[in-house]
Protein chains: 2
Amino acid sequence: MAESSTRTVERALVLLGAVCGAGSITLADAARGTGLSASTALRLLRTLESTGFVRRDGDGSYRPGLRVVQLGAQALGQESLVSLAEPALERLVGQTGESAYLSVPSHDGQGVYLAMREGTHSVRHASWVGRSIPLDGTAVGAVLAGAAGPDGFVVVRDGVEADVTAVAAPVSPGGRVVAAISVVVPSYRITATEARRLGALVAREAEDLLAHIPAGPLGQDLTGEPA
Amino acid sequence: MAESSTRTVERALVLLGAVCGAGSITLADAARGTGLSASTALRLLRTLESTGFVRRDGDGSYRPGLRVVQLGAQALGQESLVSLAEPALERLVGQTGESAYLSVPSHDGQGVYLAMREGTHSVRHASWVGRSIPLDGTAVGAVLAGAAGPDGFVVVRDGVEADVTAVAAPVSPGGRVVAAISVVVPSYRITATEARRLGALVAREAEDLLAHIPAGPLGQDLTGEPA
DNA sequence: AAGGACGTTTCAATAAGTGAAATACAGGAC
DNA sequence: GTCCTGTATTTCACTTATTGAAACGTCCTT
């Protein structure tokens, strides 16, 4: 892990995160939220603005700019794990009709959705790519935290999301969990026995994905820790 | 437009762009490409790494990190224009079977794809979100440059992309082009007359989208210029 | 009216950032 | 084997880039 760092850059990146997280934020709130003085925050936000990473509304609040969309999409497009997982997600959707997800551990110790395939039964239409996943109370979180047992999957019924059963399985080249495959079903549509059967299916797809991961870079997780 | 700026932050953001653009880059190439000394580039890349924006492979090269994916996806998810355009894109795909796109002008004077709906006939499966569009030789580029005439659309047959006909129409609240709706068809599947008919269809959808744009923030384009 | 919050500008102070130089390592050519 | 080139990394003297407190203007609430 890198040691030396550049304070000014860190501050600007934290501000960028605040803007993207909030969607729209005033200078005062951005400064307060990041612990910077108003003049420092203003200057850093102006830099982010002049480089396209944030933009400013007519009412003065800051919003994400196109540049961060662009770089994020480029980064996602270059993520081999996403394309490697597409067949598995497609098959899961095809076999279950439910929405399937690929998630990875994030830098801050949580998880992040990286890809999704919507189920034919799905009532969700918003993209979940980029969203954080809490480690507690979610099947994905448990899997990323290493809690998948000998079954090779985790079932969480009515966890942080009410009325939903989530089933997840780890992708673990070299023994370290670098990703999770998961499927989400409304609980009214699945019994405990069916959830276990789905778990086996998801685990099999995770194994298949693992078999397609070449040794080398993909053995690392996206936070940069080597396998 | 913002005046004052922070050199150190600008440099780091340029480096981030270089990493995301290249997908994988060595320190030496990143330093060379940005005109920084190797030690400066190293320190800035280390900051980007420690904050999750880039990660480092076992072979030492730098790649985009999860944080930029995350923020980019958050930013995209909060872009109202994208959700407002979804019905138009869906209808175009439904009526034509071809892939439909939403694009916006970018900070560097080109265009960027912001949303796409894949056609049922489509042979493309990669996401185009975040990709740049040259202004020359593309229907979208012409539209974003203001070249749509009284027809309200532009047709480019076999432009920068061989064997493809692209049709685009502007979305122009307050008279300024803030986005383009476009459809792409393999040229073998469409005559010039059909392309004009498709153009009228795309122009109608752009008009419909325009009618759904509330006055205010969406009147600005994503580079931050007010309408 | 007063008070508070916001956004913006100014500028003295300093420490944060810089890059040249040195070093170690790897790979290729001879 | 030696030599050369290129890479990544560390060091540190130097300076300038960055900071934040203070001042100011605007707006809103009481």
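Each chain gets a letter, A, B and so on, in the order its sequence line appears, and its residues count up from 1. Keep in mind that what you see is a predicted model, and the values were worked out from it rather than measured.
With 3.5 Å as the limit, one finds no donor-acceptor pair spanning the side chains of B/Ser61 and B/Thr26. Checked by atom type, the side-chain pair A/Ser50/A/Thr47 shows no donor-acceptor distance below 3.5 Å. Between the side chains of A/Gln70 and B/Ser132, at least one donor N or O sits under 3.5 Å from an acceptor N or O.
We find the CG-CZ distance between B/Leu114 and B/Arg131 to be 15.0 Å, quoted to the nearest 0.5 Å.
Residue contacts for A/Thr40: at a heavy-atom cut-off of 4.0 Å it reaches a base atom on one of the strands shown.
The distance from atom CG of B/Leu42 to atom P of D/dG6 is 19 Å, rounded to the nearest whole Å. As rounded to whole Å, 15 Å separates atom P of D/dA8 from atom CG of B/Leu44. The nearest whole Å value for the distance from the CZ atom in A/Arg46 to the C1' atom in D/dT18 is 15 Å. When the P atom of D/dT18 is taken as reference, atom CG of A/Leu36 falls 14 Å away, rounded to whole Å. As rounded to whole Å, 15 Å separates atom C1' of D/dT26 from atom CG of A/Leu27. Separating the CD atom of B/Glu49 from the C1' atom of D/dA8 is a distance of 13 Å, rounded to the nearest angstrom.
Regarding contacts with the backbone of D/dT7, a side-chain N or O of B/Arg32 is found under 4.0 angstrom from either OP1 or OP2. Within the 4.0 Å cut-off from OP1 or OP2 of D/dT19, not a single side-chain nitrogen or oxygen of A/Ser39 is found. Contact between the side-chain N/O atoms of A/Arg11 and the OP1/OP2 oxygens of D/dA17 is not found at any separation under 4.0 Å.
One finds a salt bridge joining A/Glu205 and A/Arg91 here, because a Lys/Arg side-chain nitrogen approaches an Asp/Glu carboxylate oxygen to under 4.0 Å. Using a cut-off of 4.0 Å between Lys/Arg side-chain N and Asp/Glu carboxylate O, B/Arg46 and A/Glu10 are scored as not salt-bridged. Salt-bridge annotation for A/Arg117 and A/Glu86: present, with a side-chain N of the basic residue lying under 4.0 Å from a carboxylate O of the acidic one.
Here the closest non-hydrogen pair linking A/Val156 and A/Thr138 is CG2-C, 3.8 Å. When all heavy atoms of A/Gly152 and A/Ala169 are compared, the closest pair comes out as O-CB, 3.3 Å.
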Dump the pairs, protein N or O against N or O of nucleotides 28-30 of chain D, anything under 3.5 Å, distances to one decimal.
none

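Where DNA chain C meets chain B (any atom under 4.0 Å from a heavy atom), the bounding nucleotides read 5' to 3' are C/dG17 to C/dA20.
When each of A/Val9 and A/Asp29 is assigned the nucleotide of DNA chain C bearing its nearest heavy atom, the one mapping closer to the 5' terminus is A/Asp29.
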